[in-house]
Chemist: 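Dropping the structure in here first, questions after.
A quick note: this is a predicted structure, and the numbers were derived from the prediction, not measured.
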Amino acid sequence: MKRRSIITLSSSAIRCQKSDFMFVSVRQISNGGKRSKKKIYHRDYQLDKVMDLQKKPSLILQLKSIIQSQNHQRLLLRDLEKEVGFVAKWNFMSIIEKYPSIFRVGGGCGKEFPFVTLTGKAEKVAREEGEARNLMEPILVKNLRKLLMLSIDCRVPLEKVEFIGNELGLPHDFKKSLIFKYPEYFSIKVINGRAYLNLENWDSSLAVTAREERFARERMLQSAGGQNKVRITKDGNYLGPFAFKMCYAAGFRPNKSYLEELGKWQKMEFPSPYLNARRFEVADPKTRKRVVAVLHELLSLTMEKRMISAKLDAFHSEYRLPSKLVLCLIKHHGIFYITNKGARSTVFLKEAYDGTNLVDKCPILMFNDKFVALSGRHVTL
């Protein structure tokens with residue numbers, strides 16, 4: 001009888017902050033007997049730190065949006081609790097007090113209630129958001145089309161698109177500002193009582209993954225440098241048409257046999273994520289590698305190249321993701337990283353980060369950085 005391994009990522013293990021790695025519990029069942037075994041999941045402190053560094057910037061940007069949504073762009077302090085809740089109110093009050101370069105408190109004299117508004121300098125920078133949104137539009141249209149092209153039937157439930165709207169960078173009114181604006185690309189159709197975002201036409205020029213684009217760039221650089229010999233490096237990286245960028249944690253030291261197996265996997269060809277998943281057998285190793293490519297592409301389509309685990313998990317049927325998604329992510333820890341820092345666990349695309357910094361930023365993220373920089377300190381989003 002074959003042994004079955006069930007891997008679980010325990011929350012207590014993940015939340016341990018003092019160790020350089022996490023223990024992943026593995027139960028092996030063989031011939032009716034049970035025994036426990038632990039696998040090491042190495043921590044990436046830089047990516048853990050990203051979650052801490054984004055807390056205050058998120059509060060600053062959220063308060064900016066709330067103020068801008070008010071009449072005369074000023075928020076009565078007594079109404080802050082209505083907007084964010086009683087507990088969160090105190091975090092925002094602290095932000096208002098800590099960053100007078102961004103937020104100005106007025107009123108409180110006579111019959112005028114105390115209010116908060118943006119300072120003149122913050123208002124000036126905030127006016128640049130419109131231009132950033134305009135620059136984002138073609139990017140969002142392209143990414144939405146690719147998101148639909150990745151799915152089995154070139155359609156995704158509208159509620160699921162809304163579910164990951166923040167990760168994709170979609171505006172709140174994206175149905176009006178994007179979907180209805182581009183009827184040649186999108187339509188909304190109701191199927192069995194459920195609204196779906198539907199792709200209107202296929203564009204083969206978009207069926208190129210971020211991984212393939214990176215390979216093309218690196219191959220050009222290698223050719224320009226006169227380097228023709230390709231081999232698997234000690235960190236598991238290999239410049240090939242079917243290889244993935246590996247970014248292992250500092251504490252991980254792959255041995256010779258691990259690198260040999262990784263080399264075979266890196267060289268193994270696999271079908272494009274943009275081909276229909278119904279055409280492939282689930283148990284085929286090439287299909288399993290294709291699933292890794294689908295996850296890689298999904299994360300590449302997000303603004304910050306990361307997504308809350310529960311949101312990624314919601315797309316099982318649309319993208320034929322593995323039933324044991326966490327196990328798949330853990331197995332390929334050179335490509336993905338799961339952190340439980342923050343309120344919910346988050347999956348990172350590791351190659352997209354250099355330390356705590358996101359390598360490529362879209363226009364809206366660059367605007368956010370500029371606005372948050374008014375606080376007088378460098379803050380990474």
Side-chain angles (χ1 to χ4, degrees), residues 49-140 165-174 177-178 302-306 342 352-381:
K49 192 176 179 181
V50 169
M51 303 305 294
D52 288 329
L53 290 175
Q54 58 93 38
K55 289 178 182 177
K56 286 185 179 178
S58 294
L59 290 173
I60 290 172
L61 294 169
Q62 186 180 348
L63 183 55
K64 173 190 76 70
S65 297
I66 293 172
I67 291 172
Q68 290 178 317
S69 68
Q70 305 298 309
N71 291 331
H72 309 296
Q73 296 200 355
R74 59 170 61 182
L75 173 67
L76 295 178
L77 291 179
R78 67 178 185 181
D79 294 335
L80 182 58
E81 186 175 327
K82 297 177 185 177
E83 297 286 344
V84 300
F86 176 76
V87 176
K89 175 184 73 173
W90 302 109
N91 293 329
F92 285 95
M93 291 296 289
S94 175
I95 289 292
I96 292 169
E97 182 180 1
K98 191 170 184 179
Y99 301 113
S101 57
I102 301 177
F103 304 108
R104 179 178 70 85
V105 177
C109 299
K111 294 183 179 180
E112 189 176 19
F113 293 107
F115 64 86
V116 61
T117 187
L118 297 178
T119 63
K121 192 173 183 180
E123 284 182 347
K124 183 178 179 181
V125 175
R127 284 194 285 271
E128 299 177 20
E129 185 173 6
E131 178 60 25
R133 294 286 177 190
N134 290 336
L135 293 172
M136 281 296 295
E137 186 169 307
I139 298 172
L140 294 175
N166 288 336
E167 281 80 0
L168 296 175
L170 298 177
H172 295 300
D173 65 340
F174 77 94
S177 61
L178 292 179
T302 64
M303 283 200 306
E304 298 176 294
K305 317 308 178 196
R306 66 177 190 248
Y353 284 80
D354 180 11
T356 59
N357 296 311
L358 183 63
V359 177
D360 294 318
K361 295 190 177 184
C362 62
I364 198 64
L365 289 182
M366 289 190 285
F367 162 77
N368 289 346
D369 280 352
K370 186 173 182 179
F371 188 85
V372 171
L374 292 172
S375 63
R377 50 181 248 177
H378 175 71
V379 187
T380 302
L381 288 175

Chemist: Answer yes or no: is there a donor N or O on one side and an acceptor on the other, between the side chain of Lys56 and the main chain of Leu53, under 3.5 Å?
Modeler: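 A pair under 3.5 Å: no.
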Chemist: Let me confirm one number: the CE-OG1 distance from Met51 to Thr356, rounded to the nearest 0.5 Å.
Modeler: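 Spacing of CE (Met51) from OG1 (Thr356) equals 13.0 Å.
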Chemist: Once you round to the nearest 0.5 Å, how far does NZ of Lys64 lie from CD1 of Ile67?
Modeler: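 That separation rounds to 9.5 Å.
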Chemist: Does the side chain of Leu75 reach to within under 4.5 Å of the side chain of Leu63, using non-hydrogen atoms?
Modeler: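 Yes, their side chains come closer than 4.5 Å.
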Chemist: Between Glu112 and Arg74, is there a salt bridge with N-O shorter than 4.0 Å?
Modeler: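 Counted as a salt bridge, because a side-chain N and a carboxylate O are separated by less than 4.0 Å.
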Chemist: List the atom of Asp354, the atom of Val359, and the distance in Å for their closest heavy-atom pair.
Modeler: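 Where Asp354 meets Val359 most closely, the heavy atoms are N-CG2, 3.8 Å.
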Chemist: Under the side-chain contact (heavy atoms from CB on, under 4.5 Å) rule, what do Leu77 and Phe113 come out as? Steps first, then yes or no, please.
Modeler: CA-CA 8 Å; Leu77 291 179; Phe113 293 107; over 6 Å; no
Chemist: For Gly107 and Phe115, which heavy atoms make the closest approach, and how far apart are they?
Modeler: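 Heavy atoms of Gly107 and Phe115 come nearest at N-CE2, 3.4 Å.
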Chemist: Quick check for you: to the nearest 0.5 Å, what is the distance between Leu118 atom CG and Gln73 atom CD?
Modeler: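 Reported value, rounded in 0.5 Å steps: 7.0 Å.
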Chemist: For the CG atom on Asn134, are there more than 12 heavy atoms of other groups (residues, nucleotides or ligands in this structure) within a distance under 6.0 Å?
Modeler: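 More than 12 heavy atoms, drawn from other residues, nucleotides or ligands, come within 6.0 Å of this atom.
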Chemist: Can you tell me how far NE2 of His172 sits from OG of Ser65, rounded to the nearest 0.5 angstrom?
Modeler: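 It comes to 6.5 Å.
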Chemist: Distance check, rounded to the nearest 0.5 Å: Lys89 atom NZ versus Arg78 atom CZ?
Modeler: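 Output value for this atom pair is 13.0 Å.
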Chemist: So if I apply the side-chain hydrogen bond (donor to acceptor under 3.5 Å, both in side chains) rule between Ser58 and each of Gln54, Lys55, Gln62, which one comes out positive?
Modeler: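 Only one option passes, and that is Gln54.
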Chemist: Side chains of Ser94 and Leu59, heavy atoms from C-beta outward: is any pair under 4.5 Å?
Modeler: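 Side-chain contact under 4.5 Å: no.
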Chemist: Do His72 and Thr117 have side chains that approach each other closer than 4.5 Å (heavy atoms only, starting at C-beta)?
Modeler: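 His72 does not reach Thr117 side chain to side chain.
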Chemist: So, Ser375 side chain and Ile102 main chain: donor-acceptor pair closer than 3.5 Å or not?
Modeler: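 Judged by distance alone, no pair lies under 3.5 Å.
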Chemist: With a 3.5 Å distance limit and no angle check, can you tell me whether Thr119 reaches the backbone of Ser101 through a side-chain donor-acceptor pair?
Modeler: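 It does hold such a pair.
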Chemist: Name all residues meeting the side-chain hydrogen bond (donor to acceptor under 3.5 Å, both in side chains) criterion together with Asn91; count only those two or more places apart in sequence or in a different chain, and write none if there are none.
Modeler: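 Applying side-chain hydrogen bond (donor to acceptor under 3.5 Å, both in side chains) to Asn91 gives none.
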Chemist: So, taking the atom named CD1 in Ile139 and the one named CG in Leu168, what distance separates them when rounded to the nearest 0.5 Å?
Modeler: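 Separation between the atoms: 12.5 Å.
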Chemist: What's the shortest heavy-atom distance between Glu304 and Tyr353, and which atoms?
Modeler: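 Heavy-atom minimum between the residues: O-OH, 2.6 Å.
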Chemist: Walk me through it: do Gln70 and Leu76 pass the test side-chain contact (heavy atoms from CB on, under 4.5 Å)?
Modeler: CA-CA 9 Å; Gln70 305 298 309; Leu76 295 178; over 6 Å; no
Chemist: Go through the steps for Ile364 and Glu129 under the test side-chain contact (heavy atoms from CB on, under 4.5 Å), then give the verdict.
Modeler: CA-CA 7 Å; Ile364 198 64; Glu129 185 173 6; 4.1 Å; yes
Chemist: Locate the shortest heavy-atom distance separating Leu140 from Gly169; write the atom from each residue and the value.
Modeler: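 Taking Leu140 first and Gly169 second, the nearest heavy atoms are CD1-O, 3.6 Å.
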Chemist: Using every non-hydrogen atom in the two residues, find where Ala122 and Phe371 come nearest and quote the distance to one decimal.
Modeler: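 For Ala122 and Phe371, the tightest heavy-atom pair comes out as O-CE1, 3.5 Å.
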Chemist: Which heavy atom of Met93 sits nearest to which heavy atom of Leu80, and what is that distance?
Modeler: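 So the minimum-distance heavy-atom pair works out to SD-CD2, 3.8 Å.
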Chemist: Salt bridge or not for Glu137 and Arg133, using N-O below 4.0 Å?
Modeler: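 So Glu137 does not pair with Arg133 through a salt bridge.
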